[in-house]
Structure formats: C-alpha cells, structure tokens
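See structure below.
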Protein chains: 2
Amino acid sequence: MSKDLDFSGSDTSLRNKVFQHIKSQIIKGVYAPGDTILETKLADELGVSRTPVREAVWLLEVEGLVETTSKKGAIVVGISAKDVADIFAIRQLLEGLAARWAVSKLTEVEIKELQKICDLSEFYAQKRDMEELAKLDDRFHQLVYEASGSKMLNLTLKNLHEYVQPARLHSINIENRFSASVTEHLALLEAFRKKDAAAAEKAMTHHVIMAYENIVSHPDAK
Amino acid sequence: MSKDLDFSGSDTSLRNKVFQHIKSQIIKGVYAPGDTILETKLADELGVSRTPVREAVWLLEVEGLVETTSKKGAIVVGISAKDVADIFAIRQLLEGLAARWAVSKLTEVEIKELQKICDLSEFYAQKRDMEELAKLDDRFHQLVYEASGSKMLNLTLKNLHEYVQPARLHSINIENRFSASVTEHLALLEAFRKKDAAAAEKAMTHHVIMAYENIVSHPDAK
DNA sequence: GCTTGTATTTATGTATACGTTAATTCATTG
DNA sequence: CAATGAATTAACGTATACATAAATACAAGC
C-alpha cells in the first residue's frame, strides 16, 4: 500500500504538504510523544525526497512540536493537557482583544458572512454533523482574527488555534455543546451588529471559557 | 571583502545562523520592506550553499517577515509601526499573565537571579550603557517567561519579544527611561517576593505600557 | 506602432550525493 | 566474564545537480 501524499493540489509545495501532514498527525495523536521521526524513513513512507521532509521537520522543531536530538531523530513532544489549558487561557485574552478590535473594522459584508456561518451551523447542529460544525467554527473565528486588522494578532491566534483542534473536536461532540456554541456565536454577532466593543470582548471571552470548561468536564470522552 | 558568516560557534547549524542573520537584518531595517531576497544571491554573499538559505527563508515566510512571490524572490514585509503597537497590546496581556503565573512557581534561586539582574541594571544605567541594559532586560523578561511554567506562553512571548527589539533599543536610550525601567523591574520583583499575583500582573502590565508610551512619545528619535 | 507569441533566462522546488559525527556492535584483552 | 576500544553503521548537515515554471525580452505579424 502506498502512503504517498496527494499531489493533485499543486498550489502548495511539497514541504508544506509534508509539514501539514506531520503536524496533523502529531495533533491527532497518531504520532505520540516520545515517538521518533526519522527523515529518511519518513521520506520513503511519503514517497518524497529528504529535502521537503527536512524543511518540514525543522519547522516542527521551531514550533516546539518536536525536539531534534543529534543522530537519534526528532522526538515528538506533542501537546499535553496542560498545554491545552494554557492555550485556552491565552486565547481567552487574545480572542477577546480580537473581538474588541474587530468591532470597528467589520464591514457589512463580513457581518453577513458571519450570519451565514451561524445559519449553517444551526443546520448542521441539528444534523449532529460535527465535522462540518468544526469547519464552520474555524471559519467564524478566522474571520474575527482577520477582521481585527492586526497581522500580529492574526498570526498568533491562528497558530494557537490549530493546537486545540482535536480537543475541541471531541468537545463539540458532547451533549448540548452543539447548540450552545452556536448560541454563543450569535451573541457575539449581536454585539458586532451593535458595534459594542465591550460586549463583543465579553461574549468572545465567555465563548472561549465555555469551550474549555466543556473539555475539562468531559475528560477523555472519546 | 568576504561577507561569510562566522563559523566558529559550531553548536548551532548553518540554517540557524542564516535564519538569525536575515531576521536581525530585517528587524534592524538593513533589509527594508519591499526589498527582495534571492536565495542564490544570498547564498553567494554568505558563502554557503542554497540549502541552509532556503530553509531559513521559508521560516521567515512562516513567521510573516517575508512573502515569497513565485520566481521573483522573497519580498521583505518587515515590521510596521502598527505591528509594534499591536505587539505591545498583546504583550501587555500576555506578560501580565506570565507574571501572574510566575508568582507561585518562582524559586528562591530565580528570585536571586532577578535581583542580580536589577543590580547590574542599575550599574549600567548609571554608565548609560544601553547595549548591556537591553541584554539584561531581555534576560529579566525571559526569566519570567520561563518561570510562568507554560511552554506555550513562553514560545508565544519569546517570538513577540524579538520583533520589538529595535524599537525598544531606541526607546531605552531616552531621558530617564534608563532608571524608570529598572524601577519598574524592582516593583515587579517586590511583588514576586511577596507572592502577590495581582500586584505582579499589575506591575508587569504597567511596565509594558510604559515602555510603549515611551516609544510613541518619542517617534523616530534615532 | 502595437500586440501577441515564442524562446531564453532566471529563480525556485525537488532529488541526490557527499561529508561528518554520534551510536552501536563486536572483538580483543585483562 | 567484563570492560574497553576500534570499526561499522546510521542519521543528520551541507552541497550540488536536475526539473519546472514564471518572467522577460525579442521578433514577427497585424
């Protein structure tokens, strides 16, 4: 069986594909902490040369997901439960800031877009389709990041957001988290419409807190 | 004249050296926004092959310091005044969090270390040696980041801190910012000693705000 | 004279080859 | 039998070679 990467999407480079691939494998837990990643072996498995693999692994090292020990391969560090907790504490502050800044920058078009996401979310919440819900949640937050008008804040949050995907995916699968999340998005949207910065910040902070509360109160509910 | 990189420090790889080199050149403004970086040309100038240069440039791209346009080289994006403002707003929140978390984790040894940094800072403040002062300030903040006990927070802050070095360096050169900065560090240290989390957060937030106020009130004082 | 198409140049993306260093293994000796 | 040392192996770091694709320049046709 070939494990070759998909080459169809030629818009993005191999090193990017390899990087995204490994990163998602680590975040999903396929590569567990302590596992070692060997450039040559991985290159063979993916059907590419060492070059793009090297570049991908180095970026993983810079991002703190692996630690390269000399001649023994890169060992996976991964994301601990504490890391997730810390990320939510950081996001609570920064997403609040993003929401506050976004208030004065959001255009009518973007607000319409957010509304559309909420509508779709309600639809998929009824169908219990978490896959689609997760994607919509991503787009919602991404839109707010970009609407903040801050390159640095956007970069920082985009990075942090990725790390908590699996935790969030499992969390959103629980009880009424489906609709609760949508409700919180709608509250935020309302604050955006009223151009109420304080309310927007509060709504976003609350949303992040609730998401985390849900995760810790349902540990390992997979 | 040879522009070759220093090869003496063999502890760090070439790609790392090249990366740090370009990054500092961008942050210092030697490479201005709009300038293009050509892998081949740069490799020649530095006296290395394209491989380490490639890997360095890609990391710059991921960090948002350059944008690679196809076949036209990587164009330097750089740090705008707004970026600096945004970074200080973010740091204000996150360094406050770091200080709060550090309170319960700081060991006696680390507090002694912080005290030593303050002592030295006072010495160099009198001598008006900003070079050394900047280094000490780095170490002070770095220690707090690490004492926060959070890998994610440390990573995030370390990254943000680098971008504002030149602005800060120029800022610290102004009027009584020398001693003011040291005084603020001492106030923070006092809060650490008393294990007062609220006071530590407040002192750190204040310190970051003051540093930024100083920058904006003395624009382009170079 | 302007536009369009083609050829050449140029720069990046990928692969491979080479050098170096650390880890492991095996043999030899005390 | 254990310990030490040399040789082999394995993995990374760097350099170079090759492939590809875009940009530019030049020429031909309208």
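We use all heavy atoms of the structure for the numbers below, so side chains are in, but hydrogens, waters and symmetry mates are not. All chains are named by letter (A, B, ...) in the order of the sequence lines, taking the proteins before the strands, and each is independently numbered beginning at 1.
Using a cut-off of 4.0 Å between Lys/Arg side-chain N and Asp/Glu carboxylate O, A/Glu162 and A/Lys158 are scored as not salt-bridged. Under 4.0 Å is where a charged nitrogen must lie from a carboxylate oxygen, and between B/Glu132 and B/Lys127 no such pair does.
Evaluation of the side chain to side chain contact (heavy atoms under 4.5 Å, CB included) rule for B/Val77 yields A/Lys151, B/Glu67 as partners, not counting sequence neighbours. Residues that satisfy the side chain to side chain contact (heavy atoms under 4.5 Å, CB included) test with A/Arg54, not counting sequence neighbours, are A/Glu39, A/Arg50, B/Arg15, B/Glu55. Partners of A/Lys72 under the salt bridge (charged side-chain N to carboxylate O under 4.0 Å, His left out) rule, at least two apart in sequence or in another chain, do not exist in this structure.
Under a 3.5 Å cut-off, the side chain of A/Thr69 and the backbone N or O of A/Gly73 do form a donor-acceptor pair. For A/Asp35 (side chain) and A/Ala32 (main-chain N/O), a donor-acceptor pair under 3.5 Å exists by modelled atom type.
Between A/Lys41 atom NZ and D/dC12 atom P there is a gap of 11 Å when expressed in whole angstrom units. Straight-line distance from the CG atom of B/Leu42 to the C1' atom of C/dA11: 14 Å, rounded to whole Å. Rounded to whole Å, the distance from CG on B/Asn16 to C1' on D/dC12 is 14 Å. Computed from coordinates, the A/Glu55 CD to C/dT12 P distance equals 13 Å when rounded to whole Å. Between A/Leu38 atom CG and D/dT9 atom P the separation is 17 Å, expressed in whole Å. Rounded to an integer number of Å, the gap from CG of A/Asp44 to C1' of D/dA10 is 14 Å. Rounded to an integer number of Å, the gap from A/Leu14 CG to D/dA19 C1' is 13 Å. In this structure, B/Glu39 atom CD and C/dG13 atom C1' are separated by 9 Å, rounded to whole Å.
Checking the phosphate oxygens (OP1, OP2) of D/dG13, a side-chain nitrogen or oxygen of A/Arg54 falls inside 4.0 Å.
At least one side-chain heavy atom of B/Leu157 sits under 4.5 Å from a side-chain heavy atom of B/Leu153.
Within residues 59-72 of chain B, the residues having any heavy atom under 4.0 Å from DNA chain D are, by residue number, B/Ser70, B/Lys71, B/Lys72.
Among residues at least two apart or in separate chains, salt bridge (Lys or Arg N to Asp or Glu O under 4.0 Å) pairs with a member in residues 101-123 of chain A are A/Glu113-A/Arg139.
When distances are taken from the side chain of A/Arg50 to each of C/dA17, C/dT12, C/dA15, the shortest belongs to C/dA17. Candidate nucleotides C/dA11, D/dG13, C/dT14 were compared by shortest atom distance to the side chain of B/Arg15, and D/dG13 ranks first.
Side-chain to base pairing of B/Thr51 with D/dA15: one donor and one acceptor N or O lie within less than 3.5 Å of each other.
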Review item, nucleotides 5-8 of chain C N/O atoms under 3.5 Å of protein N/O:
none

